[in-house]
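First comes the structure, then the notes that go with it.
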Amino acid sequence: MQAAMEISHRYCSSELESYGSCVSSHPSSWQHDCHHLKVQVAKCTSSHPVIQKIRTDCSQPFSAFEQCLKENQNSVANCSDHINKFLLCAESVKHPSLAEICRF
């Protein structure tokens with residue numbers, strides 16, 4: 001997961017910041033109001049091999065987390081167990097080192 005976060009931060013920081021700001025600014029309607037920014041983050045990160053592997057290997061816990069967010073838009077803290085399960089999964093994903101991925 002650390003590699004995925006580093007990749008996301010390095011290559012998609014402006015998209016992540018815009019999405020985070022939108023979510024913070026729209027606590028009760030972020031799911032609808034920030035959807036276009038979520039799509040931009042997904043497009044930015046989706047092409048990287050580490051992100052692709054985490055998405056594949058951890059699709060079930062991530063889907064459960066997203067469903068929880070949809071059902072708890074006004075109380076996202078209710079989804080902490082779901083995000084923890086996703087993060088544990090992502091941490092366990094075996095992936096090549098950043099040096100191997102970023103070879104030219």
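The first residue in the sequence is number 1, and the count goes up from there.
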Give a yes or no on whether Leu88 and Phe65 share a hydrophobic cluster (residues Ile, Leu, Val, Met, Phe, Trp, Tyr; joining criterion: side-chain heavy atoms under 4.5 Å apart).
no
Identify the heavy atoms of Cys89 and Asp57 that sit nearest to each other, and give their distance.
SG-O, 3.7 Å
Here the gap from Ser14 atom OG to Gln40 atom CD, rounded to the nearest 0.5 Å, amounts to 8.5 Å
Does the gap between the ring centers of Phe86 and Phe62 come in under 6.0 Å?
yes
Locate the shortest heavy-atom distance separating Cys58 from Val93; write the atom from each residue and the value.
SG-CG2, 3.7 Å
Give me each pair satisfying side chain to side chain donor-acceptor pair (under 3.5 Å) with a member in residues 62-81, each pair once, sequence neighbours excluded.
Lys38-Glu66, Gln67-Glu71, Asn72-Asn78, Ser75-Asn78
Under the side chain to side chain donor-acceptor pair (under 3.5 Å) rule, what pairs show up with a residue in residues 22-32, not counting sequence neighbours?
Ser29-Asp33
Within residues 11-22 or reaching into it, pairs that qualify as salt bridge (charged side-chain N to carboxylate O under 4.0 Å, His left out) - sequence neighbours excluded
none
Smallest separation among heavy atoms of His82 and Cys68, with atom names:
ND1-SG, 3.6 Å
Might you work through the side chain to side chain contact (heavy atoms under 4.5 Å, CB included) test for Val41 and Cys12, ending with a clear yes or no?
CA-CA 7 Å; Val41 171; Cys12 305; 5.6 Å; no
Examine Val39 and Tyr19 and state if one hydrophobic cluster contains both, with Ile, Leu, Val, Met, Phe, Trp and Tyr joined whenever side-chain heavy atoms are less than 4.5 Å apart.
no
Nearest non-hydrogen partners of Leu37 and Cys22, listed with the distance
CD1-CB, 3.5 Å
Spatial distance of atom CD1 (Ile83) from atom CG (Leu69) [nearest 0.5 Å]
7.5 Å
